[in-house]
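Values reported hereafter were calculated over all heavy atoms of this structure, with side chains retained and with hydrogens, waters and symmetry mates removed.
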Amino acid sequence: MRTVRTALLTVAAAGLAVTALAPAPAAAAPAAPKFLSAAQLPASHTPWTAGPVRTGAPQEGSVCTAGIAPAAGTRYRDFRTELDTNARQTITVAATAARAEKLAADLHHALATCLDRMKEQDPGLEGEAFYHGRIGIEDGAHLHSIDTSHPEVGSTDIGLYSVGRDGRAVTVVEWGQMGELDGAPLEGFRKTTRTAVAKLY
């Protein structure tokens, strides 16, 4: 009886040893941040159409923030309506939360100084830029507007911009159309920004 018991203990010990040596299952990779849908953009006179999600930093447009976010870890999606209203969401996932925090700060600064840089490149441009405050969602978001006009051409354009962060993910949302700030859906864009940041993770 003692021999049988010893044999069973030996087998059990061997099983524990094998279990201890077996590699632990790999942790599941975090899901990629989610983008806005067309229905989550500010209300428009004609429906929004969402383009595909593309990998890398945008090569055109995004004048205020071009060259700040790295291509690696960045994706973007364009939206448009039938009335020349357009929008874009860009998402960058940084290696660490600290790097994401710095990226968000750099993007916030770029939006705040964008009009001055635009005027340096185009002395005939006129406009006003406003900071519309911080939005309390996840690690925070900031909302800006830039109202520009070209007297020689007779055109006026309004752009709404926001940058927000949740952990390692940073998103920039851009909205633009012909017109002035009075006709822009500022509160609708604020809601869109909250949704964009909340959807990241």
#### Entry: Point-to-point distance, once rounded to the nearest 0.5 Å, from CD of Q89 to OG of S37
10.0 Å

### Side chain to side chain, T171 and P33, heavy atoms closer than 4.5 Å
no

#### Entry: Heavy atoms from other residues, nucleotides or ligands near NZ of K34 exceed 12 (cutoff 6.0 Å)
no

### Task
Output every pair passing ring-ring contact (aromatic ring centres under 6.0 Å, His included) with a member in residues 101-127, not counting sequence neighbours, ordered by first then second residue.
H108-Y131, H108-H142, H108-H144

### Task
Report the C-alpha distance between V163 and V173 in whole Å, list the side-chain angles of each, state the deciding distance to 0.1 Å, and finish with yes or no for side chain to side chain contact (heavy atoms under 4.5 Å, CB included).
CA-CA 7 Å; V163 55; V173 183; over 6 Å; no

### Query
Which value, rounded to the nearest 0.5 Å, describes the distance between L125 atom CG and L115 atom CG?
6.5 Å

### Query
W175 versus I158: any side-chain heavy-atom pair under 4.5 Å?
yes

### Query
Would Y161 end up clustered with F35 when hydrophobic side chains under 4.5 Å apart are linked, directly or stepwise?
no

### Task
Please assess H132 against S145 for the test side-chain hydrogen bond (donor to acceptor under 3.5 Å, both in side chains), listing each intermediate value before the final yes or no.
CA-CA 8 Å; H132 298 279; S145 69; 2.7 Å; yes

### Task
Provide the closest heavy-atom pair for Q59 versus A57 in the form atom of the first, atom of the second, distance.
NE2-O, 3.2 Å

### Message
Within the 3.5 Å criterion, strictly below it, is a donor on R168 or T96 matched to an acceptor on the partner's side chain?
### Response
no

#### Entry: Over all atoms of both residues, closest heavy-atom pair of R88 and S62
NH1-OG, 2.8 Å

### Query
Do the non-hydrogen side-chain atoms of T90 and P58 ever get within less than 4.5 Å of each other?
yes

### Query
With no hydrogens and no angle check, is any side-chain donor or acceptor of T192 less than 3.5 Å from a backbone partner on Q40?
yes

### Message
Tell me whether the count of non-hydrogen atoms from other residues, nucleotides or ligands lying under 6.0 Å of CZ in R190 goes above 12.
### Response
yes

### Message
Would a single hydrophobic cluster contain both I137 and I91, if residues Ile, Leu, Val, Met, Phe, Trp and Tyr are joined by side-chain heavy-atom contacts under 4.5 Å?
### Response
yes

### Message
Could you walk me through whether L103 and R99 satisfy the side chain to side chain contact (heavy atoms under 4.5 Å, CB included) test, starting with their C-alpha distance in whole Å, then the side-chain angles of each, then the deciding distance to 0.1 Å, before giving a yes or no?
### Response
CA-CA 6 Å; L103 175 61; R99 291 187 181 182; over 6 Å; no

### Query
How about T46 and E82: does a side-chain donor come under 3.5 Å of a side-chain acceptor?
no

### Query
Does a sphere of radius 6.0 Å around CZ in R54 hold more than 12 heavy atoms from other residues, nucleotides or ligands, not counting ones at 6.0 Å or beyond?
no

### Exercise: do D157 and H150 side chains pair donor with acceptor under 3.5 Å
no

#### Entry: Expected output: side-chain R194 to main-chain A141 donor-acceptor under 3.5 Å
no

### Task
Report yes or no: does Q121 contribute a side-chain atom to a donor-acceptor pair with the main-chain N or O of M118 at less than 3.5 Å?
no

### Message
Hydrophobic clustering (ILVMFWY, side-chain heavy atoms < 4.5 Å, transitive) - are F130 and F189 grouped together?
### Response
yes

### Task
Please answer: with hydrophobic residues joined when any side-chain heavy atoms are less than 4.5 Å apart, are Y76 and L111 in the same cluster?
no

### Message
Can a side-chain donor-acceptor contact be found between T92 and T74 if the only test is distance below 3.5 angstrom?
### Response
yes

### Task
Could you tell me whether the side chain of T81 and the main chain of L83 form a donor-acceptor pair under 3.5 Å?
yes

### Message
Quick check on the hydrophobic clustering: are V170 and L36 connected, directly or via other members, by side-chain heavy-atom contacts under 4.5 Å?
### Response
no

### Closest non-hydrogen atom pair between R165 and L200, with its separation
C-CD1, 4.5 Å

### Task
Compare every heavy atom of G183 with every heavy atom of Q177, then report the nearest pair and how far apart it is.
NE2-O, 4.0 Å

### Query
Which pair of non-hydrogen atoms, one from A110 and one from I68, has the smallest distance, and what is that distance?
CB-CD1, 3.2 Å

### Message
Pair T148, E126 - check side-chain hydrogen bond (donor to acceptor under 3.5 Å, both in side chains), show working.
### Response
CA-CA 6 Å; T148 58; E126 297 180 358; over 6 Å; no

### Query
Would a distance-only check, ignoring hydrogens and angles, find a side-chain to backbone donor-acceptor pair under 3.5 Å from D139 to G167?
yes

### Task
Side-chain contact test, heavy atoms from C-beta onward, threshold under 4.5 Å: evaluate it for V93 versus Y201 and give yes or no.
yes

### Summary
Across all chains, not counting sequence neighbours, the salt bridge (charged side-chain N to carboxylate O under 4.0 Å, His left out) partners of K191 are none

## Note on the structure
Output for pair (R80 CZ, N86 CG), nearest 0.5 Å, gives 10.5 Å

#### Entry: Of all pairs that satisfy disulfide bond (SG atoms under 2.5 Å apart), the ones with a partner from residues 143-182, not counting sequence neighbours
none

#### Entry: Spacing of SG belonging to C64 relative to CZ belonging to R117, to within rounding of 0.5 Å
6.0 Å

#### Entry: Nearest atoms (heavy-atom pairs only) where I146 meets C114
CD1-CB, 3.7 Å

